[in-house]
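Following: one structure in structure tokens, then a few remarks.
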Protein chains: 2
Amino acid sequence: MSTLTYAILAELARGPATGYDIAAAMRSPVGRYWTAQHSQIYPELARLAERGWAGVAESDGPGPRPTKTYTITPDGLAALRAWARTPEPPPPPNSPTTVKLSCAWLLDDDELAGLLDGLRAEAAAGVARFEGLLAGLDSEPPRDDPTFAAALTVPIGLGYERHRLEWAEWALAEVARRRR
Amino acid sequence: MSTLTYAILAELARGPATGYDIAAAMRSPVGRYWTAQHSQIYPELARLAERGWAGVAESDGPGPRPTKTYTITPDGLAALRAWARTPEPPPPPNSPTTVKLSCAWLLDDDELAGLLDGLRAEAAAGVARFEGLLAGLDSEPPRDDPTFAAALTVPIGLGYERHRLEWAEWALAEVARRRR
DNA sequence: AGGGGCATGTAAAGAGTTACATGATTCT
DNA sequence: AGAATCATGTAACTCTTTACATGCCCCT
């Protein structure tokens, strides 16, 4: 059982959903932090049902196949809770962008400044996105509601983007200072 | 050509190395941010040599096979620089830990506090690690030296861990506040 | 009439991890 | 005597992405 298994269960814990719904949610998983393609989700949902962690209801679909609506079972919910409360080993911090930055000594000032400015713009957009998201959140959500979790996770994303923005601005200033 | 290709080239740009050296550097790539196993590195080095981006020199090895020392070629350096200066599309921010946090509404107060405290401890260790690294850096490194890049990348890591630590402390306080 | 959204699936290829395999030297 | 380090490689497996494939309904 991979992270995807539980990321799907976490979606189902919020309510019944089709594979299409879950794929849509995982296209831009703001505040929930997992992505996957539908080609990975459909087989995983079938395994979930086979394992008894989700139930399926079929209805007429728009295409040649029936629409399948999945619902989390008590077993599935228990498995999700058990997974969620165990600590995760820190993942390898693989970042192509930081590898590029580690080549900064090979680039000239303009190339480096261009790279940094792109990162600055990206981070600024991220800050705006998460600020909007935070503004839309209930300030004191019910303890047993998904929005309670969002009130915790959205500030991580916001803090992360803010830190990236500050760093990019500092790095640009640093490169400009050394240029002279 | 994957990120691994260029991450290896970035190592070779610092000087000739064996596959073993690169695997060791990528076991804990502090400030450079890519990890890989030797089983991935050895074939990739062979492809690099085949492509003309690295040269190989064989010498007697400690085991049954000769030791191969790889050196970056002018073509390899040019390819690395070209890659490094092009912006990277933002990667999917997949994080198992944040998926767990998005299940916070399913956990009771003690389970959630335990999860958060583990993250706090992890972040605190990270801050200490990067502070030590930063302390060991030259404050004004030569522009065309790998340490110049480290002076840029180490503060990203430090800032990231500081942000995580602040967030974890805030989240713990938030959970404690709502507990009462 | 064509494009986009809804809805499901499979196939192929690439990326990454874990395990298997060998063998000399050095340290405890 | 056994473990760790140096040094290389392959095999099997899992995870992820990209592409192929179908077909209805709604909007312009």
| request: Measure the distance from CG on A:N94 to C1' on D:dC15 and round it to the nearest whole Å. | output: 14 Å
| field | Proximity to the side chain of A:H38 - top-ranked nucleotide from C:dT10, D:dT17, D:dT10 | value | C:dT10
| Expressed in angstrom and rounded to an integer, what is the separation of A:R27 atom CZ from D:dT17 atom C1'? | 15 Å
| Between B:Q40 and C:dG16, does any side-chain N or O lie under 4.0 Å from OP1 or OP2? | yes
| Looking just at side-chain N and O atoms, do B:D75 and B:T73 make a donor-acceptor pair shorter than 3.5 Å? | no
| Got a sec, which residues hit ring-ring contact (aromatic ring centres under 6.0 Å, His included) with A:Y42, two or more places apart in sequence or on another chain? | A:H38
| query | Want to settle it: does B:R65 or A:R65 sit nearer the 5' end of DNA chain D, counting the closest nucleotide to each? | reply | B:R65
| remark: Picking from D:dG23, D:dA7, C:dG16, the nucleotide nearest the side-chain atoms of B:T18 would be D:dA7
| said: Using a 4.0 Å heavy-atom cut-off, does B:T3 contact any base of the nucleic acid, only the sugar-phosphate backbone, or nothing at all? | reply: nothing
| Non-hydrogen side-chain atoms of B:W34 and B:T3 separated by less than 4.5 Å | yes
| query | Are OP1 or OP2 of D:dT10 and a side-chain N or O of B:S39 less than 4.0 angstrom apart? | reply | no
| said: I need the CG-P distance between B:D21 and D:dT5, as an integer number of Å. | reply: 15 Å
| query | Given atom NZ of B:K68 and atom C1' of D:dG9, what is their separation to the nearest angstrom? | reply | 9 Å
| said: Rounding to an integer number of Å, can you tell me how far A:Q37 CD sits from C:dG9 P? | reply: 17 Å
| query | To the nearest Å, how far apart are B:Y20 OH and C:dT25 P? | reply | 16 Å
| query | For D:dT14, does OP1 or OP2 lie under 4.0 Å from any side-chain N or O of A:S2? | reply | no
| message | Under 4.0 Å, counting only non-hydrogen atoms across every strand here, what does A:P43 touch: a base, just sugar-phosphate, or nothing? | response | nothing
| request: Nearest whole angstrom, please: distance from the P of D:dC6 to the CD of B:E58. | output: 20 Å
| query | Is there a side-chain polar atom (N or O) of A:Y42 under 4.0 Å from OP1 or OP2 of C:dT8? | reply | yes
| With no angle test and no hydrogens, is the base of D:dT8 tied to the side chain of B:T67 by a donor-acceptor pair under 3.5 Å? | no
| query | Just how far is it from atom OG1 of A:T5 to atom CZ of A:R47, taken to the nearest 0.5 Å? | reply | 7.0 Å
| A:Y70 OH to C:dT8 P: how many Å, rounded? | 7 Å
| field | Ring geometry between B:Y6 and B:W53 (parallel below 30°, tilted from 30 to 60°, perpendicular above 60°) | value | tilted
| query | Which nucleotide in the set C:dT8, C:dA7, C:dT22 lies at the smallest distance from any side-chain heavy atom of A:P62? | reply | C:dA7
